[in-house]
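Since the structure comes first, as structure tokens, the remarks are kept for the end.
Because the structure is a prediction, the values reported are computed rather than measured.
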Amino acid sequence: MASYKILLADDEAALRFLLTETLAEEGYELTEAEDGAQALAYLQEQPFDLIILDYMMPERTGVEVCEWLRGHANPNADTPVILLTAKALDKDRERAKAAGVTQYIVKPFSPLQLLDTVEELIRRDAR
């Protein structure tokens with residue numbers, strides 16, 4: 001299996017650890033960001049195969065990061081984005097969709113559910 005690069009941006013260290021362990025075990029290469037500003041810095045520096053963003057982060061929200069990503073020239077402008085969030089309202093989903101989020105996952109979720117979504121998006125994007 002080719003090594004796919006994933007950016008994981010979430011301000012919760014315990015969740016980052018859990019998801020990094022789960023995804024690394026499947027052979028994915030993870031880069032971690034602890035806030036939206038750090039995520040933007042990584043997104044400007046290097047290409048990723050998939051981006052996982054938390055909705056509510058310091059500095060910039062996941063939606064703001066995605067808006068920037070889709071609206072500016074960068075190596076990740078077309079990369080699939082998964083948004084993790086505790087916000088389950090329709091207005092939040094609509095804002096995320098308008099920002100260019102590919103998949104919306106509401107917390108709490110199973111790491112295996114996330115893994116299935118990651119694999120589906122990477123396969124779809126590889127075609």
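In terms of the side-chain hydrogen bond (donor to acceptor under 3.5 Å, both in side chains) criterion, E119 has no residue partners (sequence neighbours excluded). Scored by the side-chain hydrogen bond (donor to acceptor under 3.5 Å, both in side chains) test, T102 finds no partners at all (sequence neighbours excluded).
Between the CD1 atom of I6 and the CD atom of E29 there is a distance of 9.5 Å, given to the nearest 0.5 Å.
Annotation: side chain of Y104 is in contact with side chain of K87 (closest heavy-atom distance under 4.5 Å). Looking at L115 and L23, their side chains come closer than 4.5 Å, going by heavy atoms from C-beta outward.
One hydrophobic cluster holds both L30 and L19 under the rule that ILVMFWY side chains link at heavy-atom gaps under 4.5 Å. A chain of hydrophobic side-chain contacts below 4.5 Å, direct or via other Ile, Leu, Val, Met, Phe, Trp or Tyr residues, connects Y28 to I105. By the criterion of side-chain heavy atoms lying less than 4.5 angstrom apart, applied directly or through intervening Ile, Leu, Val, Met, Phe, Trp or Tyr residues, V101 is not grouped with L121; the two fall into different hydrophobic clusters. If you chain together hydrophobic residues whose side chains sit under 4.5 Å apart, L15 and L7 never meet in one group. Cluster membership for L8 and L114, using ILVMFWY side-chain heavy atoms within less than 4.5 angstrom, is shared.
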Note to self: Set out, in order, the CA-CA distance, both residues' side-chain angles and the distance that settles side-chain contact (heavy atoms from CB on, under 4.5 Å) for R124 and E120, then state yes or no.
What the structure shows: CA-CA 6 Å; R124 184 169 72 191; E120 173 190 324; 4.1 Å; yes
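Sparse packing is recorded around CZ of F17, with 12 or fewer heavy atoms of other residues, nucleotides or ligands lying under 6.0 Å away.
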Review item, side-chain donor-acceptor pairs of residues 49-56, under 3.5 Å, at least two apart:
| unit_1 | atom_1 | unit_2 | atom_2 | d |
| --- | --- | --- | --- | --- |
| D49 | OD2 | K5 | N | 2.7 |
| D54 | OD1 | K107 | NZ | 3.0 |

May I have the list of side-chain donor-acceptor pairs in residues 31-38 shorter than 3.5 Å, sequence neighbours left out?
| unit_1 | atom_1 | unit_2 | atom_2 | d |
| --- | --- | --- | --- | --- |
| E32 | OE1 | R16 | NE | 3.0 |
| E32 | OE2 | T20 | OG1 | 3.1 |
| D35 | OD1 | A37 | N | 3.0 |
| D35 | OD1 | Q38 | N | 2.7 |
| Q38 | OE1 | E34 | N | 2.6 |

Under 3.5 Å, sequence neighbours excluded: what are the donor-acceptor pairs made by side chains of residues 60-84?
| unit_1 | atom_1 | unit_2 | atom_2 | d |
| --- | --- | --- | --- | --- |
| T61 | OG1 | V63 | N | 3.4 |
| T61 | OG1 | E64 | N | 3.0 |
| E64 | OE1 | T61 | N | 2.9 |
| W68 | NE1 | H72 | ND1 | 3.4 |
| R70 | NE | G100 | O | 3.1 |
| R70 | NH1 | A77 | O | 2.8 |
| R70 | NH1 | T79 | O | 2.8 |
| R70 | NH2 | T79 | O | 2.9 |
| R70 | NH2 | G100 | O | 3.0 |
| H72 | ND1 | W68 | O | 3.0 |
| N74 | OD1 | N76 | N | 2.7 |
| N74 | OD1 | A77 | N | 3.1 |
| N74 | ND2 | L69 | O | 2.9 |
| N74 | ND2 | H72 | O | 2.7 |
| N76 | OD1 | F48 | N | 2.6 |
| N76 | OD1 | T79 | OG1 | 3.4 |
| N76 | ND2 | L43 | O | 2.9 |
| N76 | ND2 | Q46 | O | 2.9 |
| T79 | OG1 | F48 | O | 3.4 |
| T79 | OG1 | N76 | O | 3.3 |

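Under a 3.5 Å cut-off, the side chain of Q44 and the backbone N or O of L40 do form a donor-acceptor pair.
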